[in-house]
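Right, I'll just put the structure down here and ask away after.
Please read all numbers here as calculations on a predicted model, not as lab measurements. Naming convention: chains lettered A, B, ... in sequence-line order (proteins, then strands); numbering from 1 in each chain.
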Amino acid sequence: MTENLQLDPLGTLRRSHYCGELRRAHAGQRVLLMGWVHRRRDLGSLLFLDLRDRSGMCQIVFNRDRAPALHERAGALRSEYVIGIEGEVVERSAPTVNPALATGEVEVVASGLHIFNDARTPPFLLDEAQEVAEEARLKYRYVDLRRPAMQANVRLRHEVTAAIRRYFDSRGFLEIETPFLTRSTPEGARDYLVPSRLQRGSFYALPQSPQLFKQILMMGGCDRYFQIVRCFRDEDLRADRQPEFTQIDVELSFPQEETVYELIEGMLAAAFAAGGSEIATPFPRLSWEEAMARYGSDKPDLRLPAMSDVRAHFAPEELEQLKLAAEEPVLAIRIPRVGALSRSQRDELRPLAEGRPVRFFEDFGRLAKSFPATTERIGASIAAGEGDLVTLVGAPAGARRQRHEVATHAGALRLALAQHFAERHGLLDARDFRFLWVTSFPMFEWDETEKRWAAAHHPFTSPREDDWERLESEPGLVKARAYDVVLNGTELGSGSIRIHRSDLQSRIFRLLGMDEDEARQRFGFFLEALQYGTPPHGGIALGLDRLVMILAGENSIREVIPFPKTARGVDLMVDAPTPVSAAQLRELGVQVTLDSGR
RNA sequence: GGGGACGUAGUUCAGUUGGUUAGAACGCCGGCCUGUCACGUCGGAGGUCGCGGGUUCGAGCCCCGUCGUCCCCGCCA
């Protein structure tokens with residue numbers, strides 16, 4: 001910052017154009033631009049300035065011969081000063097055109113300069129060329145947000161949400177707000193708690209999702225609801241998980257699964273169109289069973305070939321020789337177009353399987369030497385082409401395993417191998433959008449630690465009608481009317497047709513190990529509401545941050561969240577969370593006890 | 001809770017087997033420069049090697065601890 005720099009008031013000055021919109025057609029016009037000094041090129045008696053605003057940049061010229069006082073004052077400008085420029089748009093002479101700049105055919109010859117504010121030297125360059133540590137970017141987020149890449153992400157997020165709102169509005173959906181200060185329901189993720197001053201000793205919880213409210217909106221006759229809404233979960237963070245994140249929350253009355261699929265496919269088409277991409281609908285559907293068996297995952301990445309069980313091609317004695325369990329699948333993983341591998345390149349693959357309770361055969365060629373006929377049949381059955389990498393994953397003979405355990409490990413290996421050779425096969429193209437619906441999830445999962453059945457989706461999910469009679473007898477076989485929408489291995493959204501009968505809802509609670517009292521205590525209002533005329537209803541919620549992240553081609557949702565938190569849940573800019581004063585705690589009736597000796 | 005990577009100038013990084021005064025590029029400051037656009041050019045300033053302890057004649061480098069950022073597992077109905 002410069003001492004004695006005279007700053008100018010904004011006064012009545014009004015911007016006439018954005019920097020980035022100036023074109024040859026504007027030549028001859030007088031303009032008034034406002035923005036940040038991006039870069040300065042001082043040639044002595046000629047001084048060039050790149051002025052930057054939200055729209056882009058344009059070049060400003062100061063000439064000592066034509067306006068000595070103005071030129072003198074412009075000499076004081078530094079990076080990120082906030083200024084206004086009056087001047088005339090002038091066409092550049094042919095050799096001075098800058099084709100790299102959208103505004104490169106013109107420049108503004110300055111006739112007036114208003115310095116609204118100076119600026120300390122920024123902590124890092126506003127330059128796309130150099131990667132800056134995220135720690136610095138988050139601390140100085142207001143500087144980081146000025147970078148064109150962040151500006152583009154912020155804008156993209158706006159365009160996508162605007163398109164989604166238009167879409168739901170055109171389909172007759174009402175955007176309805178639900179409370180942030182609500183009730184803790186200790187199922188699922190940990191809640192963020194907010195102490196109540198008026199009811200000392202009691203706490204609100206921030207919603208993990210507006211699940212019960214949106215169902216109650218259906219009971220309230222709202223028919224079609226959506227909300228772009230913040231949700232809060234006090235769990236550990238990841239590249240695609242923040243403690244507060246945004247859901248596109250949807251619920252409608254009288255739907256079938258297909259109603260939801262069609263609706264959401266349309267919404268995603270609109271959202272991707274807003275992001276500049278066309279996607280094909282309808283999306284393929286895959287049952288959960290099939291997804292687990294063929295991809296070893298409930299969120300398969302369809303950009304890569306599926307796996308196949310090739311066990312049937314082996315003779316029993318061959319399986320025995322290879323120490324493979326005869327009753328478990330032997331999964332062939334094919335990674336296309338990997339090309340020839342040297343011995344050492346092949347050896348690099350072994351560690352990928354380390355620590356997994358599976359037998360991993362990374363060298364199909366070596367297997368072929370011992371079992372030529374079998375491997376030939378396998379190669380033909382999976383349509384292995386020249387240069388494709390084929391590996392096999394099976395279960396070691398003897399050990400007991402859970403259902404889909406081998407497939408899950410094989411699926412993880414499939415992704416690791418694909419990742420390892422991503423540059424060779426080029427299939428993991430971030431712009432290749434491969435959606436699908438995963439359907440027919442199991443209703444319950446056995447919780448080994450709690451020794452009870454747990455809801456695989458959530459306890460308001462309707463079981464398939466055919467399965468009602470075996471809810472109690474064979475809960476492990478009951479299928480839920482739940483569905484996930486998956487894109488390139490990322491779960492984008494999850495939903496279900498809900499339970500709308502209180503008798504069925506009570507049965508489910510009971511099955512989940514909740515006795516009458518407990519159910520009434522936690523969800524009494526909801527069970528009661530179900531008795532006052534609840535329509536069949538269902539819906540879905542999609543992660544907006546993940547959606548925009550994928551559209552932006554980013555690898556972390558922090559890149560599409562203006563003010564995200566670090567992996568330890570800290571906001572480096574405002575430095576939150578912080579301890580609070582004793583007076584604040586006293587007022588809330590809250591006492592803080594910390595583990596001593598730490 | 002567990003595993004891994006990283007931490008040196010404002011930024012991005014280099015730093016040999018533990019050895020004299022810790023370097024580079026960009027940025028920053030000053031001079032010169034009329035067509036630059038990542039301007040050029042000449043000069044200059046700038047370091048708690050994350051922090052604490054230890055080993056050693058000597059530590060940016062080795063050891064222990066700790067803090068921070070990132071990635072993954074667990075967790076996320």
Side-chain angles (χ1 to χ4, degrees), chain A residues 1-2 38-51 57-66 71 75 78-80 90 92-101 103-104 107 109 120-140 143-144 185-191 208-209 211-212 231-243 245 354-356 412 416 419 441 443-445 447 449-450 453-461 480 482 491 494 496 508-509 512 514 522-523 541 543 555-556 558 564-568 570 572 598:
Chain A
M1 292 202 268
T2 323
H38 186 70
R39 203 164 258 131
R40 196 177 65 121
R41 290 175 294 278
D42 186 352
L43 275 63
S45 53
L46 258 191
L47 190 144
F48 296 98
L49 217 64
D50 290 334
L51 187 67
M57 280 191 274
C58 75
Q59 176 165 278
I60 315 293
V61 198
F62 294 90
N63 191 319
R64 185 189 281 156
D65 293 348
R66 292 172 52 168
H71 176 273
R78 293 293 181 272
S79 287
E80 302 308 306
V90 172
R92 297 201 201 179
S93 67
T96 65
V97 164
N98 181 358
L101 207 61
T103 58
E107 62 195 4
V109 177
R120 290 169 63 178
T121 301
F124 47 84
L125 257 64
L126 272 82
D127 199 323
E128 299 302 316
Q130 193 161 273
E131 292 257 326
V132 179
E134 207 171 342
E135 208 171 342
R137 292 178 52 203
L138 291 180
K139 178 166 184 198
Y140 300 97
V143 176
D144 190 44
T185 53
E187 199 113 354
R190 268 187 290 273
D191 286 321
Q208 298 174 24
S209 86
Q211 183 60 35
L212 292 176
C231 299
F232 306 86
R233 292 180 189 175
D234 187 7
E235 295 294 343
D236 288 358
L237 290 82
R238 286 282 194 288
D240 60 354
R241 277 166 29 189
Q242 284 273 305
F245 62 100
E354 236 159 65
R356 298 183 185 282
Q419 214 38 263
F441 281 79
M443 182 79 185
F444 305 104
E445 284 164 356
D447 186 330
T449 50
E450 305 257 327
W453 291 100
H457 183 57
H458 59 54
F460 315 106
T461 301
E491 180 195 312
S494 190
S496 63
I508 299 295
F509 282 154
L512 295 173
M514 244 185 276
R522 284 199 203 170
F523 301 112
N555 289 317
S556 162
R558 293 188 302 273
K565 293 175 178 58
T566 69
R568 277 175 60 259
V570 169
L572 291 176
R598 286 192 29 123

Contact nearer the 5' end of RNA chain B, comparing A:Val61 with A:Arg568: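 The answer here is A:Val61.
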Give one of base, sugar-phosphate or nothing for A:Glu131, where a contact means two heavy atoms less than 4.0 Å apart.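 Touches sugar-phosphate only.
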P gap between B:C6 and B:C64, integer Å: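 After rounding to an integer number of Å, I get 15 Å for this pair.
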Need to verify one output field. Residue with the more 5' nearest nucleotide on RNA chain B, A:Ser45 or A:Asp240?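 Taking each residue's closest nucleotide, the earlier one in sequence belongs to A:Ser45.
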Taking the P atom in each of B:G47 and B:G54, what is the distance between them to the nearest angstrom?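 Result for the P pair: 26 Å, nearest Å.
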Parallel, tilted or perpendicular for A:Phe124 and A:Tyr140, by the 30°/60° rule?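 Answer is perpendicular, since the angle exceeds 60°.
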Between the side chains of A:Asp191 and A:Arg233, is the shortest nitrogen-to-carboxylate-oxygen separation below 4.0 Å, so that they form an ion pair?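 Salt bridge flag = no for A:Asp191 with A:Arg233.
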In whole Å, measure the gap between the P atoms of B:G74 and B:U69 for me.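 B:G74 and B:U69 have their P atoms separated by 22 Å.
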Output one letter per nucleotide in nucleotides 26-31 of chain B: B when a protein non-hydrogen atom lies under 4.0 Å from the base, S when only the sugar-phosphate is that close, - when neither is. SSSSS-
With sugar-phosphate meaning primed atoms plus P, OP1 and OP2, does A:Thr96 contact a base, only sugar-phosphate, or nothing at under 4.0 Å between heavy atoms?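 If one applies the 4.0 Å heavy-atom cut-off, A:Thr96 turns out to touch a base.
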In the strands shown, is B:G74 matched to any nucleotide by a Watson-Crick or G-U wobble pair with both distances under 3.5 Å, and which?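 Paired with B:G74, as far as the under-3.5 Å criterion goes, is no nucleotide at all.
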A:Glu107 CD to B:C37 P, straight-line distance once rounded to whole Å: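 So the two atoms are 13 Å apart, to the nearest Å.
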In whole Å, what separates the P atom of B:G50 from that of B:G10?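 That atom pair is separated by 13 Å.
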Would you say whether A:Phe124 stacks on B:U11? The test is a distance between ring centres of less than 5.5 Å and an angle between planes of less than 30°.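 Aromatic stack with B:U11 absent for A:Phe124.
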Atom pair distance, as rounded to whole Å: CD in A:Glu134 and P in B:U12: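 Going from CD in A:Glu134 over to P in B:U12 covers 12 Å.
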With a 3.5 angstrom cut-off on both distances, give the Watson-Crick or G-U wobble partner of B:G30, or none if there isn't one.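 Its partner is B:C42 (Watson-Crick or G-U wobble, both distances under 3.5 Å).
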May I ask which nucleotide in the shown strands pairs with B:A5, Watson-Crick or G-U wobble, both distances under 3.5 Å?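 Partner of B:A5: B:U69.
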Starting at CZ of A:Arg41 and ending at P of B:G40, how long is that distance when rounded to a whole Å?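 After rounding, the reported distance stands at 10 Å.
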Base partner of B:G18, which must satisfy Watson-Crick or wobble distances under 3.5 Å: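 Matched B:G18 with nothing under the 3.5 Å cut-off.
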Taking atom types as modelled, is there a side-chain donor on A:Gln59 or A:Asn98 under 3.5 Å from an acceptor on the other?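 Looking only at side-chain atoms, A:Asn98 and A:Gln59 do not form any donor-acceptor pair under 3.5 Å.
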At under 4.0 Å between heavy atoms, what does A:Glu135 touch on the DNA or RNA strands: base, sugar-phosphate, or nothing?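 Here A:Glu135 touches the backbone only, sparing every base.
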I'd like to check A:Cys58 versus A:Asp50 (side-chain heavy atoms, cut-off strictly below 4.5 Å). Are they in contact?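 A side-chain contact under 4.5 Å is absent here.
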Taking pairing as Watson-Crick or G-U wobble with both contacts under 3.5 Å, can you name the mate of B:G58, or confirm there isn't one?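 No nucleotide pairs with B:G58.
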Whole-Å P distance, B:C61 and B:U20: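 That atom pair is separated by 14 Å.
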Can you tell me how far P of B:C39 sits from CG of A:Asp42, to the nearest Å?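 After rounding, the reported distance stands at 12 Å.
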Can you sort out the partners of A:Ser556 under side chain to side chain donor-acceptor pair (under 3.5 Å), two or more places apart, ordered by chain and number?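 In terms of side chain to side chain donor-acceptor pair (under 3.5 Å), with neighbours along the sequence ignored, A:Ser556 is linked to no residue.
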Same-atom distance (P) from B:C42 to B:A25, integer angstrom: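 Pairwise P distance, B:C42 against B:A25, rounds to 11 Å.
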If you check every side-chain atom of A:Arg92, which of B:C37, B:G74, B:C70 has the closest atom?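 Out of B:C37, B:G74, B:C70, the nucleotide with an atom closest to A:Arg92's side chain is B:C37.
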Would you indicate what A:Arg558 reaches in the nucleic acid, counting non-hydrogen atoms under 4.0 angstrom: base, sugar-phosphate, or nothing?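 Sugar-phosphate: the residue A:Arg558, judged by heavy atoms under 4.0 Å, touches backbone atoms but no base.
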Measure the distance from CZ on A:Arg241 to P on B:C73 and round it to the nearest whole Å.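 One finds 8 Å between P of B:C73 and CZ of A:Arg241, rounded.
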What's the CD-C1' distance between A:Gln208 and B:C75, to the nearest Å?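 Atom-to-atom, A:Gln208 to B:C75, this comes out as 12 Å.
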Hey, does A:Ala456 reach any base, or is it just sugar-phosphate, or nothing, if we go heavy atoms under 4.0 Å?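 Sugar-phosphate: the residue A:Ala456, judged by heavy atoms under 4.0 Å, touches backbone atoms but no base.
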With C1' as the reference atom in both, quote the distance from B:G15 to B:G7 in angstrom, rounded to an integer.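 Roughly 15 Å separates the two C1' atoms.
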Sub-4.5 Å side-chain heavy-atom contact between A:Phe232 and A:Gln208: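 SC-SC contact between A:Phe232 and A:Gln208 ruled out.
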Note, A:His71 side chain near A:Asn63 side chain (heavy atom, < 4.5 Å):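 With C-beta onward as the side chain, the pair stays apart.
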Roughly how many Å apart are B:G60 and B:U66, using the P atom of each and rounding to a whole number?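 Looking at atom P only, B:U66 and B:G60 are 23 Å apart.
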Measure the distance from CG on A:Leu237 to P on B:G68 and round it to the nearest whole Å.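 Spelled out: CG on A:Leu237 to P on B:G68 is 14 Å.
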Tell me which nucleotide among B:U69, B:U12, B:C76 gets nearest to the side chain of A:Ala133.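 Nearest nucleotide to the side chain: B:U12.
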Paired with B:C49: which nucleotide, if any, by Watson-Crick or G-U wobble criteria at under 3.5 Å for both distances?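 With both distances under 3.5 Å required, B:C49 matches none.
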Nearest-Å distance for atom pair CD/C1', residues A:Glu80 and B:G10: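 The distance from CD of A:Glu80 to C1' of B:G10 comes to 14 Å, rounded to the nearest Å.
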Looking at CD of A:Gln242 and OG1 of A:Thr566, how far apart are the two atoms once the value is rounded to the nearest 0.5 Å?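 Reported to 0.5 Å precision, the distance equals 8.5 Å.
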Decide, yes or no, whether a salt bridge links A:Glu235 with A:Arg241 under the criterion of side-chain N to carboxylate O below 4.0 Å.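 Looking at A:Arg241 together with A:Glu235, the answer is no, because their closest N to O distance does not fall below 4.0 Å.
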Applying a 4.0 Å non-hydrogen cut-off, can you work out what A:Ala454 is touching in the nucleic acid: base, sugar-phosphate, or nothing?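 Here A:Ala454 touches no strand at all.
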Is the shortest distance from a Lys or Arg side-chain nitrogen in A:Arg39 or A:Asp127 to a carboxylate oxygen in the other one below 4.0 Å?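 Counted as a salt bridge, because a side-chain N and a carboxylate O are separated by less than 4.0 Å.
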Let's test this: given Watson-Crick or G-U wobble pairing with both distances under 3.5 Å, identify the partner of B:A25.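 The base-pairing partner of B:A25, which may sit in any strand shown, is B:U11.
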Quick one: label A:Pro123 by what it contacts on the DNA or RNA (base, sugar-phosphate, nothing), any heavy atom closer than 4.0 Å.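 Sugar-phosphate, no base atom in range.
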Side chain of A:Thr566: nearest nucleotide among B:A38, B:U69, B:C39?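 The closest nucleotide is B:U69.
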